[in-house]
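Heads up, the thing below is written out as structure tokens.
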Amino acid sequence: MIRTLLCATLALGPSLGLLLAADAFTGTWRLDIAKSTFASDNPAPKALTLTFTEQGANRTQTLKGVAADGSATSTAWTAPVIGGTVSFPAGQGPNGGASLEVVDEKTLVMTQNHPKGKVGASRTYQVSADGKTLTLIQRREDGQERAR
């Protein structure tokens, strides 16, 4: 499971690429811990940087950070820009995989896939209207919010 993706509001990092990009997500985003909330059993990471890139028809998200216990963390995923099956590097990602839905140009929803049609945990990525803030909300399978 992507442990440090249990995070919250990410403030826009100093990325000229983001300002010039047609896609609202493309660029580098840094966690603003002061503006973030976490469930009591989900300690806030010490640092977290999320980078979105586009390569042809695919969008890639790379996460690097420092967990609450001081350990380094790193995860990644790739999915079609238009949405679809999420690809994770070997040994990462949820069992059963995940799918990405493009709700609109500023909202992405990644949902864990389950056999038998069960609803999985989800992550909603939303860029603010001014393009300066990325909010990431993680919910458990039962819909309870884990981090914002």
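- We find the CG-OG1 distance between Leu136 and Thr124 to be 8.0 Å, quoted to the nearest 0.5 Å.
- Between Thr26 and Thr53, every side-chain heavy-atom pair lies at or beyond the 4.5 Å cut-off.
- Taking each heavy atom of Val127 and Gly131 in turn, the nearest pair found is CG1-CA, 3.7 Å.
- A distance of 5.0 Å separates CG of Leu134 from CH2 of Trp29, quoted to the nearest 0.5 Å.
- Not one N or O on the side chain of Thr49 forms a donor-acceptor pair closer than 3.5 Å with the backbone of Arg30.
- There is a side-chain donor-acceptor pair under 3.5 Å between Thr107 and Gln126.
- Taking hydrophobic clusters as Ile, Leu, Val, Met, Phe, Trp and Tyr residues chained together by side-chain heavy-atom distances below 4.5 Å, Val102 does not share a cluster with Val109.
- Considering every non-hydrogen atom in both Asn42 and Ala147, the closest pair reads ND2-CB, 3.9 Å.
- For the atom pair CD (Gln138) and OG (Ser122), the distance works out to 7.5 Å, reported to the nearest 0.5 Å.
- Two residues are said to be in side-chain contact when any heavy atoms from C-beta on lie closer than 4.5 Å; Ser74 and Leu63 fail this criterion.
- Legend: ring-ring contact (aromatic ring centres under 6.0 Å, His included) pairs involving residues 47-69, not counting sequence neighbours, sorted by first then second residue: Phe25-Phe52, Phe52-Tyr125.
- Two residues are said to be in side-chain contact when any heavy atoms from C-beta on lie closer than 4.5 Å; Gln112 and Arg123 fail this criterion.
- With sequence neighbours left out, Glu145 forms a salt bridge (Lys or Arg N to Asp or Glu O under 4.0 Å) with Arg139, Arg148.
- Between the side chain of Glu54 and the backbone N or O of Val81, no donor-acceptor pair lies under 3.5 Å.
- Side-chain contact check for Pro45 versus Thr73: every heavy-atom pair is 4.5 Å or farther apart.
- Looking at heavy atoms from C-beta onward, Trp77 lies in side-chain contact with Met110 at the 4.5 angstrom threshold.
- Remark: the Thr60 side chain and the Thr78 side chain contain an N/O donor-acceptor pair separated by less than 3.5 Å.
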Side chain to side chain contact (heavy atoms under 4.5 Å, CB included), that's the test. Do Leu31 and Ser36 meet it? Break it down for me. CA-CA 8 Å; Leu31 175 67; Ser36 303; 3.4 Å; yes
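- Salt bridge Asp130/Lys132: absent, no basic N to carboxylate O contact under 4.0 Å.
- Residues Ala44 and Ala68 share a closest heavy-atom pair of O-CB, 3.3 Å.
- Note on residues 56-65: pairs passing salt bridge (charged side-chain N to carboxylate O under 4.0 Å, His left out), not counting sequence neighbours, are Asp23-Arg59.
- Contact detail for Asn113 and Ser99: the closest heavy-atom pair is OD1-OG, 3.4 Å.
- Taking both residues in full, the closest heavy atoms of Ala76 and Phe88 are given as O-CD2, 3.6 Å, listed atom of the first, atom of the second, then distance.
- Note: Arg146 CZ to Ser40 OG = 7.5 Å, rounded to the nearest 0.5 Å.
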Show the numbers, then the answer: is there a salt bridge (Lys or Arg N to Asp or Glu O under 4.0 Å) between Asp104 and Lys106? CA-CA 5 Å; Asp104 57 43; Lys106 294 189 181 224; over 6 Å; no
